[in-house]
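From a predicted model like this one, the values you see are computed outputs, not experimental measurements.
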Amino acid sequence: MKNLVKKAFLDTEDGQIFYKIAGEGKPLLLLHRSPQSSDEFRKLIPLLAANHRVIAMDMMGFGNSDKPPRIYAVADYAKTVIALLDELGITTTNILGNHTGAYVAAEVAAAYPERVEKLILSNVDKFSDQEKDTILNSYAEKFQIKADGGHLLPRWLVYSKYASSPEFNHRCFLEELKCHGHPAYGPLAVVDYLSCLDARFRLIKCPTLVLSGTEDIKELERLGLATAENRRLISQLIPHGKITEILGGTVCMMNQMAEEISQVVLEFLNAVDIQ
C-alpha cells in the first residue's frame, strides 16, 4: 500500500491547495503545466513513488485548487510550494516541473536554493516579445465561455491531436474546462516572469536537467511560439544544467510516455556524478 495515492488540501490565506502524495523516500514534487492540473502526472506518480515520496499539487487557479483572489506571479506560486513543503515537514526536495510548472520550479530553486536538491525542467522556453503577445492573445480567447458552447469543440479537437485515446483526450479536456471563465493565471504569470528569466535561471545552483519533447517544440515552432534553439539556451543559463531530448514527446508526454520519463528522471535523481 506504500504507493497508494492519498489526497488532501492545504489551507492558505488565498484559498485551498489540492495535492496528492504517495510513496516513501526522498521527496519529489511535481508541478503541472497550464491549463491542466496534477492529473497530468497520474501515470507517472505510481512509477516514481516506488522510489520516492511523490507530491503533486494543483497550483492555485487550476484543477481542484481554489482560484486566487488576484493574478499570481511566478514568485507567488513559488511561495505556495514552500508553504506545502513546510506543511509536510519537508526541508529539501527534488522538483519536476512541466511547462508552466517548470518556471515555478525554477523560481523555487532560485529563491529558496537551500530547499531544492535537484531540479528537472520539462518543456521550458524563452519567448520573444511577439511570441509573448501571441501567447496572451491565444489564451485570452480559449478561456472564454460562449453562450452557444462554441468554445467546446475547438478545444476538444486541439487535444485530439495529441491524445492517444478518446478517454485520455476527455481527461485533458475536463481539466482544462476547470480553468474556463477565469483569467489565464499560468500564461500571465509566465509572460511577466520572462523579463527576469535569464537572471533568475542563473541563480539556480542545484544540478538541473532540462527535458525537451521533440514533438512539443515542433508544434510550438509551427505556431510561432518558441524555437528549439532557445530551449537549448535555457540549459546554458543554468550553471549545472544539461538538456535531454525525449523523442516523440508532445505537450502530453508526462502521461503518454510515463515509463520512459520515469526512467530518465530516476536515473538523474539517483546519479552521484551528473556532470
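For the pair Ile45 and Ala22, the tightest heavy-atom approach, listed with the atom from each and the gap, is CG2-CB, 4.0 Å. Here the shortest heavy-atom pairing between Tyr103 and His99 reads CD1-O, 3.3 Å. In this structure, Ala110 and Arg200 approach most closely via the heavy-atom pair CB-O, 3.4 Å. Of all the heavy atoms in Val251 and Arg33, the pair that sits closest is O-NE, 3.2 Å. The two atoms that bring Ile55 and Pro27 nearest to each other are CD1-CB, 4.3 Å, heavy atoms only. Of all heavy-atom pairs spanning Pro166 and Trp156, the tightest one is O-CH2, 3.8 Å.
Just one of Asp66, Asp11, Asp58 meets the side-chain hydrogen bond (donor to acceptor under 3.5 Å, both in side chains) condition when paired with Gln16; it is Asp11. Applying side-chain contact (heavy atoms from CB on, under 4.5 Å) to Ile120 and the options Leu96, Val264, Asn98 leaves one that passes, Leu96. Put simply, the residue from Glu175, Met57, Lys20, Met59 that forms a side-chain contact (heavy atoms from CB on, under 4.5 Å) with Ser38 is Lys20.
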Asn64/Lys7 under side chain to side chain donor-acceptor pair (under 3.5 Å): CA gap, chis, key distance, verdict = CA-CA 11 Å; Asn64 294 318; Lys7 303 172 184 178; over 6 Å; no

Any chance you could lay out the side-chain contact (heavy atoms from CB on, under 4.5 Å) test for Gln144 and His151, step after step, and finish with the verdict?
-> CA-CA 7 Å; Gln144 290 180 357; His151 60 295; over 6 Å; no

Arg232/Asp125 under salt bridge (Lys or Arg N to Asp or Glu O under 4.0 Å): CA gap, chis, key distance, verdict = CA-CA 9 Å; Arg232 285 189 287 270; Asp125 295 286; over 6 Å; no

Asn270 vs His52, side-chain contact (heavy atoms from CB on, under 4.5 Å): CA-CA, chis, key distance, verdict | CA-CA 11 Å; Asn270 294 334; His52 290 269; 4.2 Å; yes

In sequence, state the C-alpha distance, the side-chain angles, and the governing distance for Val108 and Ile82, and then conclude on side-chain contact (heavy atoms from CB on, under 4.5 Å).
-> CA-CA 8 Å; Val108 174; Ile82 297 301; 4.2 Å; yes

Passes side chain to side chain donor-acceptor pair (under 3.5 Å), Glu117 versus Thr93? Steps please.
-> CA-CA 6 Å; Glu117 186 172 342; Thr93 187; over 6 Å; no

Report the C-alpha separation of Arg222 and Glu219 in whole Å, then their side-chain angles, then the decisive distance to 0.1 Å, and conclude whether the salt bridge (Lys or Arg N to Asp or Glu O under 4.0 Å) test is met.
-> CA-CA 5 Å; Arg222 186 188 69 80; Glu219 179 65 9; 2.7 Å; yes

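Note that the CG atom of Leu121 and the CZ atom of Phe201 stand 5.5 Å from one another [nearest 0.5 Å]. Between the CG atom in Asp76 and the CD atom in Glu107 there is a gap of 10.0 Å [rounded to 0.5 Å]. In this structure, Arg42 CZ and Leu30 CG are separated by 13.5 Å, a value rounded to the nearest 0.5 Å. The distance from the NZ atom of Lys43 to the CD1 atom of Ile261 is 11.5 Å, given to the nearest 0.5 Å. To the nearest 0.5 angstrom, Phe143 atom CZ is 6.0 Å from His180 atom NE2. Between the CD1 atom of Ile234 and the CG atom of Asn123 there is a distance of 11.5 Å, given to the nearest 0.5 Å.
Side-chain contact between Met60 and Lys67 is absent, with no heavy atoms from C-beta onward closer than 4.5 Å. Put simply, the side chain of Leu28 does not reach to within 4.5 Å of the side chain of Arg53, judged on heavy atoms. Counting heavy atoms from C-beta outward, Ser34 and Pro187 have side chains that approach closer than 4.5 Å.
Residue Lys79 places its NZ atom among 12 or fewer non-hydrogen atoms of other residues, nucleotides or ligands, all under 6.0 Å distant. Within 6.0 Å of the NE2 atom in His170, the count of heavy atoms belonging to other residues, nucleotides or ligands does not exceed 12. Within a 6.0 Å radius of NZ in Lys26, other residues, nucleotides and ligands contribute 12 heavy atoms or fewer.
Using a 4.5 Å cut-off between side-chain heavy atoms of Ile, Leu, Val, Met, Phe, Trp and Tyr, with links allowed through other members, Tyr112 and Ile238 fall into the same hydrophobic cluster. In this structure, Leu177 is not a member of the same hydrophobic cluster as Ile145, with clusters built from ILVMFWY side-chain heavy atoms closer than 4.5 Å. Hydrophobic cluster membership differs between Met254 and Leu47, with clusters built from Ile, Leu, Val, Met, Phe, Trp and Tyr side chains linked at under 4.5 angstrom. Cluster annotation: Ile243 is connected to Val124 through the hydrophobic network of ILVMFWY side chains, with a link wherever side-chain heavy atoms come within less than 4.5 Å. Leu233 and Leu119 are members of different hydrophobic clusters when ILVMFWY side chains are connected at heavy-atom separations under 4.5 Å.
Two rings, from Phe9 and Phe18, have their centers less than 6.0 Å apart. In summary, the aromatic rings of Tyr159 and Phe173 are positioned with their centroids too far apart to meet the 6.0 Å limit. Taking the centre of each ring, His32 and Phe41 stay at or above the 6.0 Å mark.
Ring planes of Tyr77 and Phe62: tilted class, angle from 30 to 60°.
Inspection of the Arg231 and Ser212 side chains reveals an N or O donor paired with an N or O acceptor under 3.5 Å.
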